[in-house]
Amino acid sequence: MGQPETAPRSATGEMPHAGVFEPWNDPAESPLIRFRNVTKRFGEFTAIDDLTLDIYEREFFALLGPSGCGKTTMMRMLAGFEAPTEGVIELSGQDIAPIPPNKRAVNMMFQSYALFPHLSVWENIAFGLRRDRMPKRDLEARVEEMLRLTRLDQFARRKPHQISGGQRQRVALARSLAKAPKLLLLDEPLGALDKKLRQDTQFELMDIQEKTGTTFVIVTHDQEEAMTVASRVAVMDNGRIIQADTPARIYESPSSVYVADFIGDVNIIQGRATPDGDEAYRVDWAQGQTPLTASSATRFEPGQACHLAIRPEKVTISSDRPADAANAVQGKVHDIAYLGNLSTYHVELPGGVIIKAQTANTRRLSRRSYTWEDTVWLSWTATAGVLLAG
Amino acid sequence: MMRRFLLIATPYAWLLALFLVPFAIVLKISLSDVALARPPYVPQFSWEEGIGAFLSQLDLENFVFLTQDDLYWKAYLSSLRIAVMSTVLTLLVGYPVAYAMARAPQEWRPTLMMLVILPFWTSFLIRVYAWMGILSNEGYLNQFLLGIGAISEPLTILNTQVAVYIGIVYTYLPFMILPIYSALDRLDGSLIEAAEDLGCSRAQAFWLVTIPLSRPGIIAGCFLVFIPVLGEFVIPSLLGGSGTLMIGKVLWEEFFNNRDWPVASAVAVILLLILIVPIILFQRNQQKQAEAEQ
């Protein structure tokens, strides 16, 4: 797969050019999808718990969470296969509860792809258009357009079992896009593909989403995938949305330890906060150790229990104590994880706490500065970490 | 090498001993003349004269006879009609049952499957006799219908074609249900959801997805019913009375009542030739299905 022709969004999930795509910050925008206090119960089990969420037109919205967190249930409610127990789901301002799945301007790409095995690729893509009684010529033109969009022209006459997994994935996408839905739901769309193909396909998906201007809601448990493709990510757990924000803000300013821990790698230091100037706090984290300093816009009461979350790549490792560092702790290298481009040092502090520090391997490995059992200093700035209540 | 040879040879040996040899004997009898003897025919073939002599004086008079008396071709046609009709009826009853089984909760399915197979635990003959008890003029069905006042006179069902159809559909239903159930059971539920998602109503999704994908099961079930019903003898003779003409019954009468073994054998040979077509079609269906599943 080649790179998309239009500029892809940067890794932070925002458009690189001037007109920043942030309809959720624009009070004039009205959302395409509205979950209002939606609860879904299956018998005793609560799959979705009093959930409120707005999704805007042209968004690429990712629902991210461990299995059983309710993300698939949300998607199935949007498709019409489940109805909310309580609350209202609106699509373009209209309550969709009474509308059956075949009457919704919503299409879904299934995790298993659900291609009809008795129909050819061409007929699979035409299936939805036929149900709309589209005139023959328009139908043929539309199917050809979809085949071109997904680069499947040569495989039109084949049956699903005669093509590869990646091609099947594209047939499923073409079929669900053919009816030009207002909203496209993607249930783990890349789950069955190997890693390399998955990365290519992520860009392909973003490209197609931009070309067609369709609103995409994607369900995934792969945080990297969510970060790559989505304009906003909702991190879910136990039927609730813990945080819904841009990938950059989810990563840099997680609102809870759960989110910080779920997205990427993180060090969590438990301690007690004491206010120390404007938005600055002193964190007492271990007996007989110098308190750490951290800044936080959220208020903490004196002596309140807190968690300091620091990403490993924001921790600097050095053999001498850095002179100007806001936070510096001494420890012993306990383990080294070599990832090729990066090395992660697991440093054990006195008292047993292990802090991970990540450095880029800009030098050859034979000239590594630190090795096992070395005594090293770890340091980070006051703004590197995020102070969280829980 | 030896093991492989044995493995391949075993089914062929089985086929040779239990199908080809008996068939050769029947074919031989069908080319003989009837006689008041024991066995009641004069063999045309003997090992001393050899195959050449046998072929040079080949006597097809028994087969010619089948075309002269209209009883035989009428019986063949009537058997075909009854077999086709009962296959259709069995499909109409069996498909909904198989569909309901495939959609039943997972934990019920073994029980439902058991219930379908359960009749095989009793003798087939006893079950057909039980139907005589149900369908006769003083039978349970008429007593029940008279009791609830639905009818004022007992219905004559036994010894009609209706009784034959009831008996056949009842007996062969499991052969229809099981292959259809197995096809429907393998059907991925998300395909139906995908069809609905793309604009199908429930009924359209059923016609456009469920039926085509269960077609191999339907075809297998139809052949499994059609092929044995064509030569069915017990059900028409016990439930159908004298009015029901089927080739299986004709064959029985030729063999045991008329003691005309050569004509009976000729009837059997023709029946087998008629069955070869559906059997080949059935095999092709099974093979195609196996290929599609890879």
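Lettering of chains follows the sequences in order, A, B, ..., and the numbering in each one begins at 1.
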Need one label for A/R104: side chain, backbone, both or neither, based on atoms under 4.5 Å from any heavy atom in chain B.
neither
Given the rule in the ring-ring contact (aromatic ring centres under 6.0 Å, His included) test, do A/Y56 and A/F61 qualify, once you have shown the distances and angles that lead to the verdict?
CA-CA 9 Å; A/Y56 294 84; A/F61 195 91; 9.4 Å; no
Part of A/L115 lying under 4.5 Å from any heavy atom of chain B:
backbone
Between B/D188 and B/S190, a side-chain donor and acceptor under 3.5 Å
yes
Interchain contact, B/A195 with chain A, by part (heavy-atom threshold 4.5 Å):
both
Heavy atoms of A/Q209 and A/R58 approach each other most closely as NE2-O, 3.0 Å
Using non-hydrogen atoms only, which part of B/I192 is less than 4.5 Å away from chain A: side chain, backbone, both, or neither?
neither
Please work out which of the three classes, parallel, tilted or perpendicular, describes the rings of B/Y170 and B/W131, given edges at 30° and 60°.
perpendicular
Measure B/L191 against the heavy atoms of chain A and call it side chain, backbone, both or neither at under 4.5 Å.
both
Where does the angle between the aromatic ring planes of A/F81 and A/F110 fall among parallel (under 30°), tilted (30 to 60°) and perpendicular (over 60°)?
tilted
